[in-house]
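Just the heavy atoms: all of them, side chains too, but no hydrogens, waters or symmetry mates, feed the values below.
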Amino acid sequence: MNVFRYLSASPASESCAAAGQRAAQPSDRICADGSILQRNTLRRDNDFLTWDIRLSRPFTLGRDVTLEPVFEIFNLTNADNRLDASQGSLLFNFDGTIRSGLGDSRRGQIDLHLH
């Protein structure tokens, strides 16, 4: 089994007060001269890349018994997959991010199935 997923970075709006910085609220896009900055002009640092693989092979041990070793690796590329919350506080953040910082590193597991 192979699973490869890539999600591009989410959009964010720029603040009029600090060029290149995210607007904390919609009113931050209104400049002192009365002009309004367009929405979604920046990107958050939350692009996502993962490649997960699973290798397994069943071995027949008897008429009704099968032994299957399974080897799985998650995030094979060891991408950072930063979790960048859209809000300053995670308390009222509803975009699915309940934590911030680095995502899950490369992990693996070995299983043994007896059927």
Side-chain angles (χ1 to χ4, degrees):
M1 174 182 83
N2 256 323
V3 176
F4 182 83
R5 290 187 306 159
Y6 174 75
L7 304 169
S8 63
S10 303
S13 297
E14 186 175 15
S15 172
C16 222
Q21 299 295 318
R22 275 192 235 163
Q25 52 193 357
S27 61
D28 291 345
R29 295 181 19 244
I30 302 172
C31 300
D33 64 1
S35 63
I36 300 173
L37 294 178
Q38 287 187 344
R39 293 178 59 230
N40 302 332
T41 52
L42 301 175
R43 291 284 179 184
R44 289 190 248 165
D45 186 18
N46 68 345
D47 56 327
F48 181 85
L49 168 71
T50 185
W51 182 16
D52 306 335
I53 62 169
R54 177 181 185 172
L55 303 170
S56 67
R57 183 162 192 306
F59 295 97
T60 304
L61 300 179
R63 199 171 77 194
D64 295 330
V65 179
T66 303
L67 185 65
E68 181 180 6
V70 179
F71 179 69
E72 295 175 303
I73 298 177
F74 306 98
N75 193 11
L76 182 65
T77 62
N78 204 25
D80 285 342
N81 294 332
R82 294 189 178 275
L83 304 172
D84 183 8
S86 64
Q87 306 287 333
S89 166
L90 294 176
L91 181 60
F92 295 108
N93 183 7
F94 301 107
D95 70 353
T97 304
I98 57 173
R99 57 192 174 120
S100 64
L102 290 178
D104 296 323
S105 61
R106 179 180 13 214
R107 298 172 325 234
Q109 70 183 23
I110 298 172
D111 303 318
L112 194 56
H113 298 194
L114 185 62
H115 304 276

> Who are the salt bridge (Lys or Arg N to Asp or Glu O under 4.0 Å) partners of E72, not counting sequence neighbours?
Replying inline: R54
>> Count I, L, V, M, F, W, Y as connected when their side-chain heavy atoms are under 4.5 Å apart, and connections chain through other members. Are L76 and F4 then in the same cluster?
In response: yes
> Hey, does I53 have a side-chain heavy atom less than 4.5 Å from the side chain of F71?
Replying inline: no
> Considering all heavy atoms of both residues, which atom of R43 and which atom of A9 are nearest to each other, and what is their separation?
Replying inline: NH1-O, 2.6 Å
>> Just by distance, no angles: are the side chains of S15 and Q21 close enough, under 3.5 Å, to form a donor-acceptor pair?
In response: no
> Quick one: does S13's side chain get under 4.5 Å of N40's, heavy atoms only?
Replying inline: yes
>> Please check: side-chain N/O of N81 versus main-chain N/O of T50, any donor-acceptor pairing under 3.5 Å?
In response: no
>> Could you measure the distance from the CG atom of D45 to the OG atom of S10? Nearest 0.5 Å is fine.
In response: 10.5 Å
> How many angstroms lie between CG in L67 and NE2 in H115, if you round to the nearest 0.5 Å?
Replying inline: 8.5 Å
>> I'd like to know whether R107 forms a side-chain contact (heavy atoms from CB on, under 4.5 Å) with N75, so could you lay out the CA-CA distance, the side-chain angles of the two residues, the decisive distance to 0.1 Å, and finally the verdict.
In response: CA-CA 7 Å; R107 298 172 325 234; N75 193 11; over 6 Å; no
Would you tabulate the side-chain donor-acceptor contacts of residues 28-36 under 3.5 Å, counting partners in other chains and residues two or more places apart, or write 'none'?
unit_1 : atom_1 : unit_2 : atom_2 : d
D28    : OD2    : A24    : N      : 2.9
D28    : OD2    : Q25    : N      : 3.3
R29    : NE     : L37    : O      : 3.0
R29    : NH2    : L37    : O      : 3.2
D33    : OD1    : S35    : N      : 3.0
D33    : OD1    : S35    : OG     : 2.7

>> Taking atom CZ as the centre, does R39 end up with more than 12 heavy-atom neighbours from other residues, nucleotides or ligands that are less than 6.0 angstrom away?
In response: no
>> I'd like to check Y6 versus D47 (side-chain heavy atoms, cut-off strictly below 4.5 Å). Are they in contact?
In response: yes
>> Ignoring hydrogens, what is the shortest heavy-atom contact between S56 and E68? Give both atom names and the distance.
In response: OG-OE2, 3.1 Å
>> Tell me whether W51 shares a hydrophobic cluster with F74, the cluster being built from Ile, Leu, Val, Met, Phe, Trp, Tyr side chains joined at under 4.5 Å.
In response: no
>> If hydrophobic clusters are built from ILVMFWY residues whose side chains come within less than 4.5 Å, do I110 and I73 share one?
In response: yes
